[in-house]
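Scroll down for the structure; my scribbles are underneath it.
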Amino acid sequence: MNLSVVMPTNTVNEKLYVAIDSTLRALKHCKVDYELILVLNSTAVFRKDDISSIYGSEIIVKTCTAVGLAPSLNMGIKTAKYEFVARMD
């Protein structure tokens, strides 16, 4: 099975990193092919390099210019390459 997980957020803080770690750990435990797509709301203050330096290619980071959950989820779904899409928020 292949699974894309979309994680929208408008805040980059310690809780986000805990959620990312937990999601990645669960995906690895399930032994599925996966991708984790982090969609940051345009109001989120972050540096893409910070996330990439920690997780490398394990995570896809997108920035949504529209404000709100629905546009962020739509962007994540459009980015997803697998047939099955899960939502983590």
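This chain uses plain numbering: 1 for the first residue, then up along the sequence.
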Check the pair R87 / L73 against side chain to side chain contact (heavy atoms under 4.5 Å, CB included), numbers first and verdict last.
-> CA-CA 8 Å; R87 175 177 152 181; L73 288 172; 3.7 Å; yes
Where the side chain of D21 meets the backbone of L24, is there a donor-acceptor pair that is under 3.5 Å apart?
-> no
Are any side-chain N or O atoms of S4 and backbone N or O atoms of E35, one a donor and one an acceptor, separated by less than 3.5 Å?
-> no
Starting from the C-alpha separation in whole Å, work towards a yes-or-no answer on side chain to side chain contact (heavy atoms under 4.5 Å, CB included) for V32 and N2.
-> CA-CA 6 Å; V32 297; N2 300 326; over 6 Å; no
For residues [X] and [Y]: do they belong to one hydrophobic cluster (side chain heavy atoms under 4.5 Å, members Ile, Leu, Val, Met, Phe, Trp, Tyr)?
X	Y	value
I51	M7	yes
V39	V12	no
I20	Y34	yes
I77	L36	no

Please report the closest heavy-atom contact between P8 and M88, naming both atoms and the distance.
-> CD-O, 3.5 Å
Which atom pair, heavy atoms only, marks the closest approach of I37 to G76?
-> CD1-O, 3.6 Å
So how far is it from [X] [atom1] to [Y] [atom2], rounded to the nearest 0.5 Å?
X	Y	atom1	atom2	answer
N41	M75	CG	CE	10.5 Å
K62	T79	NZ	OG1	4.5 Å
T11	L40	OG1	CG	9.5 Å
N10	L69	CG	CG	9.5 Å

What do the steps show when you test L3 against Y82 for side chain to side chain contact (heavy atoms under 4.5 Å, CB included), and what is the final call?
-> CA-CA 6 Å; L3 181 65; Y82 294 130; 5.6 Å; no
Should V85 and V6 count as side-chain neighbours, where that means a heavy-atom distance under 4.5 Å?
-> yes
Tell me, do L27 and V5 make a side-chain contact under 4.5 Å, heavy atoms counted?
-> yes
With sequence neighbours excluded, tell me which residues meet salt bridge (charged side-chain N to carboxylate O under 4.0 Å, His left out) with K81.
-> none
CA sep, side-chain torsions, deciding dist, call: Y17, I54, side chain to side chain contact (heavy atoms under 4.5 Å, CB included) | CA-CA 10 Å; Y17 292 107; I54 295 169; 3.8 Å; yes
